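Report on the structure given below.
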Amino acid sequence: MNKKVRTAAVDFLFDAILCLRDREECYSFFEDLCTVNELLSISQRFEVAAMLKNHRTYLEIAEKTGASTATISRVNRSLHYGNDGYETVFQRMDKKEASDETS
């Protein structure tokens, strides 16, 4: 991660996020922390990443999410040349989903 991002304040934020126990706590925390537009932008980028991972075209993604091609391109760059953060989360989500289905 970029050294400019690795700060005590960011560590403090991530520690707070790691304390959240469920979706309702996430809603409460993120609605307090972010503006509606910030939260929607973050969720849009995550949705774009999922669609790119599932081999959707830029046109399909733009139509479904409303994301600009610049945003789609930026997310695509992160997927291919980033720190594998998206991939880590997607793998864990897939594993959780598979576990939930067998329970």
Side-chain angles (χ1 to χ4, degrees):
M1 183 175 278
N2 186 323
K3 289 181 183 179
K4 293 179 183 178
V5 174
R6 283 191 180 267
T7 66
V10 174
D11 286 349
F12 188 55
L13 171 64
F14 290 167
D15 289 343
I17 293 168
L18 290 168
C19 289
L20 300 171
R21 293 191 179 124
D22 57 33
R23 187 175 292 147
E24 283 307 310
E25 287 186 1
C26 287
Y27 270 106
S28 295
F29 181 71
F30 281 97
E31 285 179 17
D32 286 350
L33 180 67
C34 301
T35 66
V36 171
N37 286 338
E38 289 168 336
L39 191 51
L40 293 176
S41 291
I42 292 167
S43 63
Q44 181 188 63
R45 287 193 295 271
F46 191 64
E47 184 178 18
V48 166
M51 292 180 76
L52 285 166
K53 182 179 178 285
N54 290 316
H55 309 290
R56 300 295 182 253
T57 67
Y58 276 36
L59 181 59
E60 289 174 302
I61 295 167
E63 287 176 352
K64 179 161 189 315
T65 67
S68 68
T69 55
T71 295
I72 299 167
S73 179
R74 181 192 165 288
V75 171
N76 194 41
R77 221 174 12 261
S78 292
L79 281 170
H80 289 92
Y81 305 108
N83 296 308
D84 294 327
Y86 283 119
E87 190 55 36
T88 298
V89 170
F90 289 139
Q91 285 177 5
R92 289 183 186 162
M93 289 176 79
D94 288 346
K95 197 179 286 186
K96 182 182 181 318
E97 185 178 296
S99 172
D100 290 348
E101 287 175 2
T102 59
S103 296

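Model, not experiment: these values are computed from the prediction. These numbers come from the heavy atoms of this one structure, side chains and all, not from hydrogens, waters or symmetry mates. Counting from 1, the numbers follow the sequence of the chain as shown.
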Rounded to the nearest 0.5 Å, what separation is found between the CD atom of Gln44 and the OG atom of Ser68? 7.5 Å
When you measure from the side chain of Ser28 to the backbone N and O of Glu24, does any donor-acceptor pair fall under 3.5 Å? yes
Tell me every residue that passes side-chain contact (heavy atoms from CB on, under 4.5 Å) with Ser41, counting only those two or more places apart in sequence or in another chain. Arg45
Straight-line distance of Gln91 CD to Asp84 CG, nearest 0.5 Å: 8.5 Å
Closest contact, heavy atoms only, Glu60 versus Arg56: OE1-CA, 3.3 Å
Report whether Val48 and Leu39 are members of the same hydrophobic cluster (ILVMFWY, side-chain heavy atoms less than 4.5 Å apart, transitive linking). no
Which distance, rounded to the nearest 0.5 Å, do you find between the CD1 of Ile61 and the CG of Asn54? 9.5 Å
Do you reckon Met51 sits in the same ILVMFWY cluster as Met93, going by side-chain contacts under 4.5 Å, direct or chained? yes
Decide whether Tyr27 and Leu20 are clustered together by the hydrophobic rule: side chain heavy atoms of Ile, Leu, Val, Met, Phe, Trp, Tyr closer than 4.5 Å, transitively. no
Note, Thr7 side chain near Phe12 side chain (heavy atom, < 4.5 Å): no
Donor-acceptor pair, distance only, cut-off 3.5 Å: does the side chain of Ser99 make one with the backbone of Lys95? no
Can you list the residues that meet the side-chain contact (heavy atoms from CB on, under 4.5 Å) rule with Ala49, with sequence neighbours excluded? Val75, Leu79, Tyr86, Phe90
Are any of the side-chain heavy atoms of Phe29 and Asp32 separated by less than 4.5 Å? no
Is Lys53 atom NZ crowded by more than 12 heavy atoms from other residues, nucleotides or ligands, each under 6.0 Å away? yes
Which value, rounded to the nearest 0.5 Å, describes the distance between Phe30 atom CZ and Arg23 atom CZ? 13.0 Å
Measure the CG-CD distance between Leu52 and Glu47 for me, rounded to the nearest 0.5 Å. 11.0 Å
Phe46 side chain reached by Ile42 side chain, heavy atoms, under 4.5 Å: no
Could you walk me through whether Thr71 and Thr65 satisfy the side-chain contact (heavy atoms from CB on, under 4.5 Å) test, starting with their C-alpha distance in whole Å, then the side-chain angles of each, then the deciding distance to 0.1 Å, before giving a yes or no? CA-CA 11 Å; Thr71 295; Thr65 67; over 6 Å; no
Enter the distance from Asp94:CG to Arg92:CZ here, rounded to the nearest 0.5 Å. 12.5 Å
Scanning both residues in full, the closest heavy-atom pair of Ala62 with Ile72 reads N-CD1, 3.8 Å
